[in-house]
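This report concerns only the one structure given below.
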Amino acid sequence: MERDWWQLTPRREVHFIPDNLAAYDSRGMAFTIEERQAMGIHGLLPPRVKSQEEQVELCKLSIERYEDPLNKYIYLMGLLDRNEHLFYRFVGENVADTMPIVYTPTVGLACQKFGLVYRRPRGLFITIHDKGHVYDILKNWPETDVRAIVVTDGERILGLGDLGACGMGIPVGKLSLYTALAGIKPHQCLPITLDVGTNNQTMLDDPLYIGLRQRRVRGAEYDEFIDEFMQAVVKRFGQNCLIQFEDFANANAFRLLEKYRGRYCTFNDDIQGTAAVAVAGLIASLRITNKRLSDNVFVFQGAGEASLGIAELCVMAMKNEGTSDADARSKIWMVDSKGLIVKNRPEGGLNEHKEKFAQNCSPIRTLAEVVNVAKPSVLIGAAAIGGAFTADILRAMGELNARPVVFALSNPTSKAECTAEEAYANTDDRAIFASGSPFPEYRAKDGRVLRPGQGNNAYIFPGLALGVLCAGIVDISEDFMLLAAEALAEIVSQDSLDHGSLYPPLAEIQECSVKIAKKVLEHAYRTGKASVQPQPLDAEAFIRAQMYDVRYAAALPPRYAWPAPAHAPAHVAPRVAVM
Ligand SMILES: NC(=O)C1=CN([C@@H]2O[C@H](COP(=O)(O)OP(=O)(O)OC[C@H]3O[C@@H](n4cnc5c(N)ncnc54)[C@H](OP(=O)(O)O)[C@@H]3O)[C@@H](O)[C@H]2O)C=CC1
Ligand SMILES: CC(=O)C(=O)O
Ligand SMILES: [Mg+2]
């Protein structure tokens with residue numbers, strides 16, 4: 001008979017004890033001599049005192065020495081473990097260089113190799129064996145003031161499929177962007193992996209695999225476990241604790257969103273965050289094509305979380321332009337693994353979400369044929385089929401449109417439907433391109449430098465979360481997503497558009513987060529959805545005041561800052577003076 005998981009190790013009142021050595025690691029050589037003496041760490045550090053700016057420079061030099069992106073990832077995670085402020089300052093000041101490491105594409109590789117790269121605890125693993133004890137596990141987390149959780153069950157990690165517990169890299173990466181891009185305080189963020197097993201045989205056979213060696217639990221047991229998790233979060237951290245669902249497989253993602261939205265402070269980033277970032281890009285593209293959104297015809301490769309989320313938000317945006325629901329839907333053609341989604345599809349397989357976009361025509365099997373029949377102005381890929389936008393398909397887009405809009409949203413880079421170069425080269429450099437993972441800039445034949453923008457929900461979820469937390473919103477309804485999309489589109493400068501980007505430069509993404517948060521917060525008060533009272537008089541100042549400061553705070557309170565006696569050199573000032 002199987003032993004009960006919880007009887008294997010009787011519960012003891014053991015509390016998390018921070019590593020004492022971390023005290024001097026936490027800001028390294030930036031401690032002043034006085035601080036080192038007051039803290040009893042004098043001599044443990046080299047005599048030279050370094051500013052945080054000098055340390056940032058050292059980080060740059062250090063990371064540049066690694067050629068393998070996975071080694072860069074390991075370096076950055078090590079930095080996060082030992083010096084949080086420095087990590088966030090370095091990432092925040094170098095977003096374009098560091099985001100591809102802590103986030104897509106390298107985080108995908110890190111998840112695939114998580115057993116190899118795992119060093120120190122970061123986040124909580126809650127397994128199906130912990131059912132009945134989820135609250136106890138949340139209590140083991142040393143921080144009490146948790147405001148935001150990113151949770152995955154590891155079943156659809158980027159476009160890489162089921163990686164089980166190794167999916168933990170995603171909540172860790174997403175929450176590092178919460179702080180780096182939106183200043184949400186690190187101690188308020190909690191990455192969680194719900195380990196219900198994995199159906200990935202490679203993982204199950206891998207001696208380095210870190211999760212439960214069993215196949216996925218499904219059905220009532222899974223649902224009860226997720227229910228218990230949601231309730232435990234509220235019991236431990238309160239109703240306003242934000243729960244971002246990330247990289248759940250399709251069948252669970254839609255179901256759980258419907259079940260919990262409105263009752264819990266939750267959203268699904270792959271459905272809703274992706275929708276907002278893609279619609280932001282589409283709205284920005286209208287300034288190039290001089291069209292309304294409703295003047296477009298859309299073809300989606302994929303009819304899953306990302307595609308359906310985008311399609312629904314497009315419908316909402318078109319309706320705001322005055323187009324009817326039916327007309328808006330008729331402009332959207334969706335292709336899934338079986339071909340075009342049509343009414344009365346012979347092989348069936350249409351769920352209620354797909355059904356709403358079924359075209360009234362005969363079945364069409366291939367994307368190329370769908371493009372020929374539908375004649376789209378916008379082609380969006382989110383099916384994790386790398387290279388699906390063939391040269392022929394891209395050329396057809398170029399023949400159909402003066403400025404074809406092509407979004408290759410699948411992650412990581414290996415799953416992108418096409419590269420930026422392919423999109424430009426096959427359309428005489430006329431494509432308006434965006435991608436989920438970053439692509440390098442491209443020199444067009446006329447000499448222009450094109451900088452393809454990153455259509456990634458990272459432009460949305462940090463700012464959205466900041467607004468939600470600052471206003472105390474629980475019901476994150478769809479109007480917030482459209483608002484976030486419009487807010488992001490508004491920020492895109494003419495210069496970005498001229499260089500082929502539908503998004504602001506990554507270097508400005510923190511400012512985007514504040515602007516999105518401000519719109520979200522103001523909308524929440526307008527619509528009665530804010531619970532933080534009273535309403536701040538100056539929304540932006542209030543938001544900025546909540547944000548994490550990446551600079552080191554003074555290590556010692558003012559009373560410690562005795563001047564050293566005149567007769568003694570500063571670095572041997574007596575410790576007694578500071579007690
Ligand atoms: N850029 C961004 O911010 C984001 C990007 N993504 C990326 O989008 C991709 C998909 O994610 P998500 O929508 O959540 O995944 P889902 O599993 O929900 O959806 C995948 C869809 O692709 C379809 N599909 C599979 N094979 C084919 C094929 N050969 N031809 C056409 N369609 C096919 C599936 O069809 P069927 O329904 O028949 O199974 C399904 O509709 C991933 O790579 C992910 O990384 C996701 C979120 C955000
Ligand atoms: C970006 C993201 O959320 C994804 O690819 O799943
Ligand atoms: Mg995701």
Side-chain angles (χ1 to χ4, degrees), residues 99-100 103-105 107-108 111 150-163 167 169-171 173-174 177 244-255 257 267-281 299-312 333-341 345 347-351 353-355 357 364-370 379-390 393 407-417 434-439 453-462 485 488 503:
M99 212 166 98
Y103 194 55
T104 185
V107 74
C111 288
V150 174
V151 62
T152 189
D153 73 353
E155 194 172 1
R156 199 285 277 140
I157 295 300
L158 306 178
L160 302 169
D162 181 354
L163 299 186
I170 295 294
K174 291 264 174 185
L177 299 188
Q244 171 173 328
F245 277 74
E246 195 66 52
D247 290 9
F248 282 69
N250 188 297
N252 289 322
F254 284 102
R255 234 167 33 85
L257 176 61
F267 72 99
N268 182 301
D269 187 38
D270 299 298
I271 302 173
Q272 297 171 284
T274 313
V277 79
V279 169
V299 166
F300 285 84
Q301 154 86 346
E305 299 169 50
S307 299
L308 284 164
I310 301 167
E312 283 295 348
W333 301 60
M334 306 200 89
V335 178
D336 68 7
S337 63
K338 299 189 180 72
L340 179 66
I341 292 180
R345 192 191 232 186
E347 57 274 70
L350 293 190
N351 58 34
H353 305 286
K354 291 181 180 178
E355 194 83 57
F357 293 98
I364 305 177
R365 295 286 159 221
T366 68
L367 178 66
E369 285 174 87
V370 173
L379 179 63
I380 297 179
I385 307 287
F389 295 170
T390 59
I393 290 175
F407 287 3
L409 298 184
S410 292
N411 296 316
T413 316
S414 59
K415 303 290 177 184
E417 285 72 18
S435 56
S437 297
F439 279 106
Q454 201 173 337
N456 192 296
N457 48 32
Y459 271 103
I460 296 290
F461 67 77
L488 179 57
Y503 298 98

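We number each residue from 1, following the sequence as shown. Remember, it's a predicted structure, so these values are computed and weren't measured experimentally. Order of listing sets the numbers, starting from 1, for every ligand and every atom in it.
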Which atoms of ligand 1 have any heavy atom of [X] under 4.0 Å away?
X	value
Ala383	22 (O), 23 (C), 24 (N), 32 (N), 33 (C)
Ala303	21 (C), 40 (C), 41 (O)
Gly159	42 (C), 43 (O), 45 (O)
Gly436	1 (N)
Asp270	47 (C)
Gly455	1 (N), 2 (C), 3 (O)

Does the N or O separation between Asn456 and ligand 2 drop below 3.5 Å for any pair?
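No, there is no polar N/O contact under 3.5 Å.
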Atom of [X] closest to the Mg ion (ligand 3), considering N, O or S atoms:
X	result
Asp270	OD1
Glu246	OE2
Asp247	OD1

Between atom [atom1] of [X] and atom [atom2] of [Y], what is the distance when rounded to the nearest 0.5 Å?
X	Y	atom1	atom2	value
Leu350	Ile341	CG	CD1	6.0 Å
Ile170	Thr104	CD1	OG1	7.5 Å
Asn457	Lys174	CG	NZ	3.5 Å
Ile271	Leu308	CD1	CG	8.5 Å

Subset of ligand 2 atoms that lie under 4.0 Å from at least one heavy atom of [X]:
X	answer
Arg156	6 (O)
Lys174	1 (C), 2 (C), 3 (O)
Asp247	6 (O)

For [atom], which protein heavy atom lies nearest, and how many Å away is it?
atom	result
atom 31 (C) of ligand 1	Asp336 O, 3.2 Å
atom 3 (O) of ligand 1	Asn457 N, 2.9 Å
atom 26 (N) of ligand 1	Ile385 CD1, 3.6 Å
atom 5 (O) of ligand 2	Asn411 ND2, 2.8 Å

State whether Asp269 contributes an N/O/S atom found under 2.8 Å from the Mg ion (ligand 3).
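Short answer: no, not a single N, O or S atom is under the cut-off.
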Ile341, Asn250, Thr366, Val335: member with heavy atom nearest to atom 16 (P) of ligand 1
Asn250
Nearest heavy atom to atom 43 (O) of ligand 1: which of Ile460, Asp269, Asn411 does it belong to?
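Looking at heavy atoms only, Asn411 sits closest to atom 43 (O) of ligand 1.
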4.0 Å heavy-atom contact, Lys415 with ligand 1:
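Lys415 does not count as a contact of ligand 1 under the 4.0 Å cut-off.
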May I ask whether Lys354 has any heavy atom positioned less than 4.0 angstrom from an atom of ligand 1?
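Distance cut 4.0 Å: Lys354 passes for ligand 1.
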With a 4.0 Å cut-off on heavy atoms, is Thr104 touching ligand 2?
no
Should Asp336 and Arg345 be marked as a salt bridge (Lys or Arg N to Asp or Glu O under 4.0 Å) after you check the CA-CA gap, both sets of side-chain angles, and the distance that decides it?
CA-CA 12 Å; Asp336 68 7; Arg345 192 191 232 186; 2.6 Å; yes
